[in-house]
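One structure is given here, and the rest of the page talks about it.
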Amino acid sequence: MKKLDELKEWRRTHYSIEITPELDGKRVTVFGWLASIREQGGITFLILHDKEGAVQITMHKDKIPRSVLEKVKNIREHSSIGIRGIVKSIDKAPHGAEIIPEEMCILGIAQRQPPFSLFGGKMASIDKRLDIRVLDLRRPKAQAIFRIRHTVLKSIREFLIKKGYIEVSTPKIIATATEGGAALFPILYYDKEAFLAQSPQLYKEQLVIPFEKVFEIGPIFRAEESRTLRHLSEIVSIDVEEAFVSYEDIMRLIEQMIYHTVKEVRERCSSEMEFLGHELPVPKVPFKNFTYKDVLEILEKEGTTVNWGDDLSTQSLKVLGKIIPEFYFITDWPTFMKPFYIKPKGDKQDICESFDFMHGSIELASGGSRVSSKRLLVKRLKEQGLEPKLFRYHLRVFDYGMPPHAGFGLGLERLMMVLTWQENIREVTIFPRDRSRLTP
Ligand code: ATP
Ligand code: MG
């Protein structure tokens, strides 16, 4: 194996996209990964990729120091290198300039070539790509997706903070199920059984007492038995809870938050969007609103019968998605279909103040007004077959002036699927976890 160079005093002066004609004649140092080596009529062209893009390194055999030529002879694509050289303005190169190298250091040798093509060619299967995900993430489309994700998270944080919500973090190791046990991962906590949190629901509700308006962006865990294109076992949930408001206020908040986020992505990620090859339209607000009952009627007209109280199957969601291919809400679900903490609606106790926030056939968020009376909460727990005793630490909080409150939980990955037109949730997750994948 060739000996590697040391970083020593080598430091980057510019990223690839900063190598422009204005720097003509200047000495620069760049770092990155060698994307290609090409020889043409006694000239060797290297394309170097860094996190910002690509830069061309051009070597005329007779004008380049021997030491550099020797290194180029031995190097392989995907090695990480540093180049120090002089910028030369030239129309044909990316960004109108290239680098004529004076020195080169080889910092990380690619011992083997990736098992699939990173730049163009046929896309390898998702499983093959996920097996060595960091290489897959160098694909320009993956880079675009995760830069958009970064912008989405930043925009949502900025939006909520500006609106006066405080960011909190709640435990992910918990003693009791939030909503009943089905989808929980049990873990060994010292000598006791504990669980990974499936939602920050109960904690965020409690936190409206000291903080009134809270949000959390953090992982949640669901033991989903079936492998689908929109379920993972670990996701990032964007949770909001607020005192003295109802589900209608929260729906307006989601509307503004999504509007703001899409606007930011359009402004800050135009090149990434262009790269993904789709236009991201500014959402029309207010979003349409259908009650659960409306939805059953719409589906019935389409020849898809869903009985009152049945979940909307993947098939019926598909039908709905074709009819409403945009952001919308489904409200006023049957009470027994929603968790115990959702507030029944006025005198119509069989439906509740709940909503699902949708885009086409995809559920993005669920939310609602919460039960704030301890007596009703105990009753609802029992109705859902849950043991109030297990919830005593939650219930006792309700003795201290629990205000009316409402909120939602939104899956970041689902939102990313919609914003980047991905059909498989794994494409928008850096290291996805599902029934059959626990590595890398
Ligand atoms: P679904 O019906 O799609 O399985 P859910 O109604 O069980 O979702 P909620 O408990 O309402 O999910 O969770 C709130 C949000 O968290 C969902 O709307 C969704 O965006 C996201 N979410 C929940 N579970 C998963 C999962 N396993 N994978 C990806 N996202 C999820
Ligand atoms: Mg839901």
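Whatever order the structure lists ligands and atoms in, that order sets their numbers, starting from 1.
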Taking the six-membered ring for Trp and the full ring for Phe, Tyr or His, determine whether the centres of Tyr292 and Trp308 are under 6.0 Å apart. yes

Give a yes or no on whether the ring-centroid distance for His49 and Phe119 is below 6.0 angstrom. yes

Check step by step if ring pair (Phe, Tyr, Trp, His ring centres under 6.0 Å) holds for Phe391 and Phe340. CA-CA 12 Å; Phe391 292 83; Phe340 67 88; 5.4 Å; yes

Could you tell me whether any N, O or S atom belonging to Asp356 is less than 2.8 Å from the Mg ion (ligand 2)? no

Heavy-atom contacts under 4.0 Å between Leu364 and ligand 1: side chain, backbone, both, or neither? backbone

Measuring from non-hydrogen atoms of Gly409 to any atom of ligand 1, is the shortest distance under 4.0 Å? yes

Would Phe185 and Phe221 count as a close aromatic pair, with their ring centres under 6.0 Å? no

Is it the side chain, the backbone, both or neither of Glu224 that has a heavy atom closer than 4.0 Å to ligand 1? side chain

Provide the atom name of the closest N, O or S atom of Glu363 relative to the Mg ion (ligand 2). OE2

Could you tell me which atoms of ligand 1, counted from 1 in the order shown, lie closer than 4.0 angstrom to a heavy atom of Ser366? 11 (O), 18 (O)

What about the rings of Phe408 and Phe357, do their centers lie closer together than 6.0 Å? no

What I want to know is whether Ile425 and ligand 1 share at least one N or O pair that is separated by under 3.5 angstrom. no

Should you measure from each heavy atom of Ala365, which atoms of ligand 1 turn up under 4.0 Å away? 18 (O)

Where on His231 is there a heavy atom closer than 4.0 Å to ligand 1, on the side chain, on the backbone, on both, or on neither? both

Taking the six-membered ring for Trp and the full ring for Phe, Tyr or His, determine whether the centres of Trp421 and His278 are under 6.0 Å apart. yes

Less than 3.5 Å apart, any donor N or O on the side chain of Ser366 or Asp356 sitting next to an acceptor on the other? yes

With a 4.0 Å cut-off on heavy atoms, is Gln198 touching ligand 1? no

May I ask whether Glu413 places a heavy atom under 4.0 Å from ligand 1? no

Does a sphere of radius 6.0 Å around CZ in Arg375 hold more than 12 heavy atoms from other residues, nucleotides or ligands, not counting ones at 6.0 Å or beyond? no

Between Glu363, Met337, Arg230, Arg433, which one has a non-hydrogen atom sitting closest to atom 5 (P) of ligand 1? Glu363

Modelled atom types, side-chain donor and acceptor of Asp50 and Ser16, under 3.5 Å: yes

Polar contacts were defined as any N/O atom of the residue lying under 3.5 Å from an N/O atom of the ligand; does this apply to Gly411 and ligand 1? yes

